[in-house]
Protein chains: 4
Amino acid sequence: MSKPREEKYQAILDAATTAFAEYGYFSCQVSKIAKLAGIADGTIYLYFKNKEDILVSLFTERMGQFIKEIRQATGKYETTQERLLCIIRTHLRYMQENRSLAIVTQIELRQSNPEIREAISGPLREYFHLIEQVLAEGVKKDEIILADIKVARQMFFGTLDAMISDWVTSKKPRSLEESEDVVFDLVRGAFKINNLT
Amino acid sequence: MSKPREEKYQAILDAATTAFAEYGYFSCQVSKIAKLAGIADGTIYLYFKNKEDILVSLFTERMGQFIKEIRQATGKYETTQERLLCIIRTHLRYMQENRSLAIVTQIELRQSNPEIREAISGPLREYFHLIEQVLAEGVKKDEIILADIKVARQMFFGTLDAMISDWVTSKKPRSLEESEDVVFDLVRGAFKINNLT
Amino acid sequence: MSKPREEKYQAILDAATTAFAEYGYFSCQVSKIAKLAGIADGTIYLYFKNKEDILVSLFTERMGQFIKEIRQATGKYETTQERLLCIIRTHLRYMQENRSLAIVTQIELRQSNPEIREAISGPLREYFHLIEQVLAEGVKKDEIILADIKVARQMFFGTLDAMISDWVTSKKPRSLEESEDVVFDLVRGAFKINNLT
Amino acid sequence: MSKPREEKYQAILDAATTAFAEYGYFSCQVSKIAKLAGIADGTIYLYFKNKEDILVSLFTERMGQFIKEIRQATGKYETTQERLLCIIRTHLRYMQENRSLAIVTQIELRQSNPEIREAISGPLREYFHLIEQVLAEGVKKDEIILADIKVARQMFFGTLDAMISDWVTSKKPRSLEESEDVVFDLVRGAFKINNLT
DNA sequence: TATGAATGAGCGTTCATTCAT
DNA sequence: TATGAATGAACGCTCATTCAT
């Protein structure tokens, strides 16, 4: 019987995402997650080693899926221009549709607690790597001009991240989709994307 | 004699900055700050209402000074190009010289805990406002071309923030100064800064 | 199963009564109550909101039962004379059998701390009311003669209270029961109880 | 220079009486007493060994004076009837004019903390002794009839104590003086005071 | 598996007391 | 004497985790 187990595992992760998003990791009690998941406190420990494990699993699972989705979507496009626009769209839309995850990402991504940060950094680095791959290939194909891939990635990711940070913080945020083209336009300028394409 | 009082106040804030940077706000006990400041636990409460007040004061004081410094530095320049470069340089250098503050900023800036976030948001919004002012004026003077001031600010700040985030996280970071020109170049492209200037 | 919960609730109240009696409310740590009840400190907070809640519950429960008992016992008698003797006996005997409760009553009944006093005053006022009812009816039925019901109640209760206070304070107290008739005799004189009855 | 020392000593005792009355012994910080006395916290410790010493001194001094006053007043009268009325009047009036002292007496008289209670009990026992002397002499002179001096004293003191307790607790208390005659009348009945006298 | 009552380590904060000035 | 900043022991309460059922 692995299916019901998987289901409850995901239910806990869902509950944790919501709860962490609302209260923050430290201010959120395990009992709150349990209540939200509709199970007893103790049951959580049949699925996760401890509170930290919930957070780490949450990142691994959800960020992993996020990156997988972005990678798949990006794979459909050939040009760097299209790929970057695809990442922008997928990133913003995914976060918009998973607001709690977006919040948790914003909050806990930079946890100082070394153990937590280490566990979390994996998926994030993978995402950074994906972006940098796209950029590197674009440079190689002369579709963009960059003096420093890493800094370019920092700009690219940092922009999206700041947008989500604002959106998440804002009480009545306007849709992120509206800004997709604006961002892309800025990126085109920054990366000197060949307009002929 | 208000001098010694002020000195101890700052000493506690310094200790808190270091301690929060190392452990994170929640994982850092008040006693750790006290020990680091070389005072007794109780003494902290002669200067701060509670633990949260330390964090909030830290932001108000240190971020306030950071913004003040940036504002002063920026004021010396006329063109938008120069101003933006000035912000980039001041921001990166300030954070580089105040690594712990940079870390705390990264960590706690996005606290989910509503009270803390609210208290912190003031200085940050002020900084956002400053950047947007520079951008708006640049647009007005036709020195840059922007479809959306807010998104441009998000890109500008987000880029610097991501750079610092990487730098802070990295075990052996290369100097942020090296990247100043690279970032500026990207920004010039993004904001279509008139190359004639 | 609500039984074991009720049992532990009472056990904590018992422990608290003993501990408060020995050390006084403020000088008695919650951990002492827990140890006396044979449970962990934290368990206390599964049954009571906080330390004050223990004290208040103690009064509500125990004093409530004390008053209930007195009311029941008194209800069996018709004449004021019999009723007053009944109160005297029940009061003294109850306290004699619940020495710790008697002490706590003596100690905390007059707490200056306004919140505590307010919470405690309920049951006490109820008792005062009961006594005054008996007295008022006695006056109505011409079984006693009183110029002022309230002052009479103060004398009646004050006397019993002072007796218990002495008994509680005394290192080798003589039994309270011995004094029952003596008190009653004084009361008869004071209230001019009709000897014909 | 012993005069200013004595003055400040009394000032602290006055402040303590007021402060203890308002907050209760445990809930009243030494700093509150100091502020009320218009001196620095540390100064208190030039006059008193510690907080407890303040309370004990307060009782010794103030209760001592109270008893002295009662003893003097009582000494002026010959008959037991007059003497008892004199005690009633002096007791009630003294407490009415020293409301804070009355409150502190009510509150702390029955402190469970053994050390405090022991220190306090002295003056109180002296007062009990005084009352019992009057009663014993009255019995000897056939002016009153009592089966048990101690219980009679308990009634006498308990009544006054309960009256003050009510008066102290009440938000808008009626004057205690109004009740003097009523109490005396009750006492006359209880003690079978010979009306011929 | 699931429960949820029980645990007890851990921490923020208070405040009586001290001591350098 | 007087000050009041500094001290640090002490304690109420929380909550992640366990375990008997």
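Proteins get letters first, then strands, A, B, ... in listed order; numbering begins at 1 in each.
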Note: D:K51 and D:F26 closest approach over all heavy atoms is NZ-O, 3.7 Å

Rounded to the nearest angstrom, tell me the gap between atom CG in C:L46 and atom C1' in F:dC13. 12 Å

Which donor-acceptor pairs under 3.5 Å do side chains of residues 29-46 of chain D form with protein atoms, sequence neighbours excluded?
| residue | atom | partner | partner atom | Å |
| --- | --- | --- | --- | --- |
| D:Q29 | OE1 | D:K32 | NZ | 3.3 |
| D:T43 | OG1 | D:A40 | O | 3.4 |

Separation of E:dA6 P from C:I44 CD1 (nearest whole Å): 12 Å

Report the distance from atom CD1 of C:I12 to atom C1' of E:dA6, rounded to the nearest whole Å. 11 Å

Only counting residues at least two apart or in another chain, list the ones meeting salt bridge (Lys or Arg N to Asp or Glu O under 4.0 Å) with A:R125. A:E118

Just how far, in rounded Å, is C1' of F:dT14 from NZ of A:K32? 12 Å

Each nucleotide in nucleotides 13-21 of chain E should get exactly one letter: B, S or -. Can you fill that in based on protein heavy atoms under 4.0 Å? BBSSBB---

For C:K35 and F:dG12, what is the distance between atoms NZ and C1' respectively, to the nearest whole Å? 16 Å

Between atom CD1 in A:I33 and atom C1' in E:dG4, what is the gap in whole Å? 16 Å

In dot-bracket, 5' to 3', how would DNA chain F read with Watson-Crick or G-U wobble pairs under 3.5 Å, [ ] for crossing ones and | for pairs to another strand? .||||||||||||||||||||

Scan the side chains in residues 55-64 of chain D for donor-acceptor partners under 3.5 Å anywhere in the protein, sequence neighbours excluded, and list what turns up.
| residue | atom | partner | partner atom | Å |
| --- | --- | --- | --- | --- |
| D:S57 | OG | D:D53 | O | 2.6 |
| D:S57 | OG | D:D53 | OD1 | 3.3 |
| D:T60 | OG1 | D:V56 | O | 2.7 |
| D:E61 | OE1 | D:Q10 | NE2 | 3.0 |
| D:R62 | NH1 | D:Q10 | OE1 | 2.6 |
| D:R62 | NH2 | D:D14 | OD1 | 2.2 |

Is it the case that the side chain of C:Y25 and the backbone of C:E52 share a donor-acceptor pair, with hydrogens and angles ignored and the cut-off at 3.5 Å? yes

Checking all strands, does B:Y47 fall into the base, sugar-phosphate, or nothing category for heavy-atom contacts under 4.0 angstrom? sugar-phosphate

Minimum heavy-atom distance C:A16-C:I54, with the two atoms named: CB-CG2, 3.5 Å

For this output row, return yes or no: ring centroids of C:Y9 and C:F48 closer than 6.0 angstrom. yes

To the nearest Å, give me how far apart CZ (D:F48) and P (F:dT1) are. 13 Å

Can you list everything that forms a side-chain hydrogen bond (donor to acceptor under 3.5 Å, both in side chains) with B:T105? Sequence neighbours excluded, please. none

Give, for atom CG of A:N98 and atom CZ of A:F66, the distance between the pair rounded to the nearest 0.5 Å. 9.5 Å

Using a cut-off of strictly less than 4.0 Å, decide whether A:R5 has a side-chain nitrogen or oxygen near OP1 or OP2 of E:dT1. yes

Examine E:dT1: is either OP1 or OP2 under 4.0 Å from a nitrogen or oxygen in the side chain of A:K8? Give yes or no. no

Protein-nucleotide distance (A:Y9, atom OH; E:dT1, atom C1'), rounded to Å: 18 Å

